[in-house]
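Accompanying notes for the structure given below.
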Amino acid sequence: MACGDPSDEERSRARLHLDAGLTALRRQEVDEAIEELTAAIAIDPDLLEARYRLGLAHLTNKSDVPAAREALEAAIQVDPDHVPSLVKLGEIEFNLGEYESAREHLLHATSLDPGSFVGLMFLGKVFDRLQDWERAADAFLRAAEILPDRASARFWLGLIRTRQERWIEAAEALEAAIERERSHSSAYHQLSRVQRELGRAEAAERSTRIHALLQELTGDIRVRFERPELLQRRDAALELLELVPDAANVRLTLGDTYLQLAESAPTSGVKAQAIRKAEGAYLEAVTLNPDEVIARARLRLLYEQTGRPEEAEAMTAVLERLREESMARREEEDVR
C-alpha cells in the first residue's frame, strides 16, 4: 500500500488532519493549519481540498506566494478542472504580472463556472492589462450580473469605458457603482473626469469635492488627539454627509473622531457630549449597514466603558452572529 493508493485507514487519518487544518484556518492559526494540511497531503497526495487549502494558508498572513503557488499548481495536477485553484492561481499570476498564464487559467475557470464572480473580476483585470478592453468590459458586465449589489464590477466597467472614451457608458457605470457604495472615492474621482468630458461642469465639481473630502477622511492623517486636527476631520465628515447622507463608513469615521475628541475634552460635560455624538454616529452607521462590524464593535466598547453591560452583551451576541455568517460566506466563496 505504501507505493500505491492510500488505504481506507490512511484516508481517514488524512481527513482528520484536513479537518484539523481547516479548523486552525478558521481560527487564523496559520502555522498549525499549514502543519496539519501538509500532514494530510503526506498521507494522501491526491487529497485535493488539502492542497487547495494549503495554498490559501500560505497566502493568509504569511503571504508566502511561491509556496502558495506550488500548492495550487499541485492541486490542479490532481484535478485540472478545480475552479477555486484555477481562480486563485490566476489571481497570483495577475499580481505577478504574468498576464498570459493568468488569462489561460481564468478563462478555463470561468468556462467551467460562469458564475465565478472572483474569476470574472480578475479575468477582466487581465484583459485590461492586455488592452483587450472589449473582452474586459464583457467580463465585468458578467460579474455585475452575478452580484448586482457589488460596486466593484461596475467601477471597473466604468474604468474600461473611460479608456475607450465611451463617456456616457462610463458615467452610467460609475454612477451605478456609487449607488452601491456611496463613499467609493475612486469612483467619484473617475466620474469627475467623465463629467468634464461630457460638459457637466457643476456635476464634475461636486464629484471632485466629494472625492477630496473622502481622501481627507481616509488619507494618512496623523491623528495625535490634537483638537484642531480632529475638528477639521469632524467638519469634513459632516460636510460629506450633507452631500452623501447614506455613507455608512463616513458615519463610522465621524464616530471615531468624536471619541478621540472626548479623550481630549477640557471638561466632563464636553466629554459626555462627544461620547453621545459618537454613539449616535455609530448607531446611524449600523442602521445604514446592518452588517457593519466595526461600528458595532465600537458600540460594544463604548457600552462597556460607560457602564451599560446589558447593551454590551447584546452587541457581543450580534457580533458573534455576524462573524459566523461571514465565515460561512467565505467558505462558500472558497468552494466557488
Side-chain angles (χ1 to χ4, degrees), residues 28 61 150-152 155 177-189 206-323 325-327:
Q28 297 186 341
N61 296 334
R150 293 276 186 94
S152 54
F155 168 69
I178 289 167
E179 284 178 10
R180 288 156 177 80
E181 186 178 332
R182 300 296 290 170
S183 55
H184 197 308
S185 175
S186 298
Y188 281 110
H189 179 62
R206 178 179 182 274
S207 297
T208 298
R209 180 57 182 161
I210 293 174
H211 172 255
L213 288 166
L214 286 168
Q215 289 295 101
E216 189 171 337
L217 287 182
T218 60
D220 183 19
I221 299 176
R222 296 182 179 178
V223 178
R224 297 182 298 275
F225 304 109
E226 296 174 359
R227 289 181 60 84
E229 197 165 328
L230 290 170
L231 290 170
Q232 180 184 0
R233 174 172 284 202
R234 180 205 62 186
D235 292 344
L238 290 171
E239 181 181 350
L240 184 56
L241 287 170
E242 290 180 3
L243 295 168
V244 193
D246 52 352
N249 62 339
V250 176
R251 296 188 183 277
L252 170 62
T253 300
L254 181 60
D256 289 345
T257 304
Y258 277 127
L259 276 189
Q260 292 165 355
L261 283 167
E263 292 193 19
S264 59
T267 67
S268 59
V270 172
K271 180 176 183 178
Q273 184 182 33
I275 289 174
R276 284 195 298 271
K277 288 185 176 182
E279 181 180 0
Y282 292 141
L283 287 170
E284 289 169 347
V286 299
T287 299
L288 288 166
N289 180 10
D291 294 335
E292 171 54 66
V293 174
I294 297 175
R296 291 188 183 278
R298 298 281 201 278
L299 280 168
R300 178 178 62 182
L301 182 61
L302 189 150
Y303 294 150
E304 290 173 347
Q305 292 177 342
T306 54
R308 297 151 70 180
E310 292 183 359
E311 290 170 276
E313 185 177 346
M315 193 59 68
T316 298
V318 175
L319 285 166
E320 181 61 25
R321 175 179 60 79
L322 291 174
R323 186 185 71 84
E325 291 175 355
S326 176
M327 288 174 57

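Worth knowing before you read on, the calculation uses all heavy atoms, side chains too, and leaves out hydrogens, waters and symmetry mates.
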Counting only N and O atoms by type, is there a donor-acceptor contact under 3.5 Å from the side chain of Y258 to the main-chain atoms of Q273?
no
Between [atom1] of [X] and [atom2] of [Y], what distance do you get to the nearest 0.5 Å?
X: R296; Y: E292; atom1: CZ; atom2: CD; result: 8.5 Å
X: L259; Y: L301; atom1: CG; atom2: CG; result: 8.0 Å
X: D256; Y: I294; atom1: CG; atom2: CD1; result: 8.5 Å
X: T316; Y: R321; atom1: OG1; atom2: CZ; result: 13.0 Å
X: L299; Y: L283; atom1: CG; atom2: CG; result: 5.0 Å
X: R150; Y: E181; atom1: CZ; atom2: CD; result: 10.5 Å

Hits for salt bridge (Lys or Arg N to Asp or Glu O under 4.0 Å) against E311, two or more places apart or cross-chain, chain-then-number order -> R308
For E320, salt bridge (Lys or Arg N to Asp or Glu O under 4.0 Å) partners two or more places apart:
R323
Can you see which heavy atom on L302 is nearest to which on A278, and at what distance?
CD1-CB, 4.4 Å
What one should report as the nearest heavy-atom pair of A285 and L252 is CB-N, 4.2 Å
Here the salt bridge (Lys or Arg N to Asp or Glu O under 4.0 Å) pairs for residues 239-252, sequence neighbours left out, are R182-D246, R209-E239, R251-E284
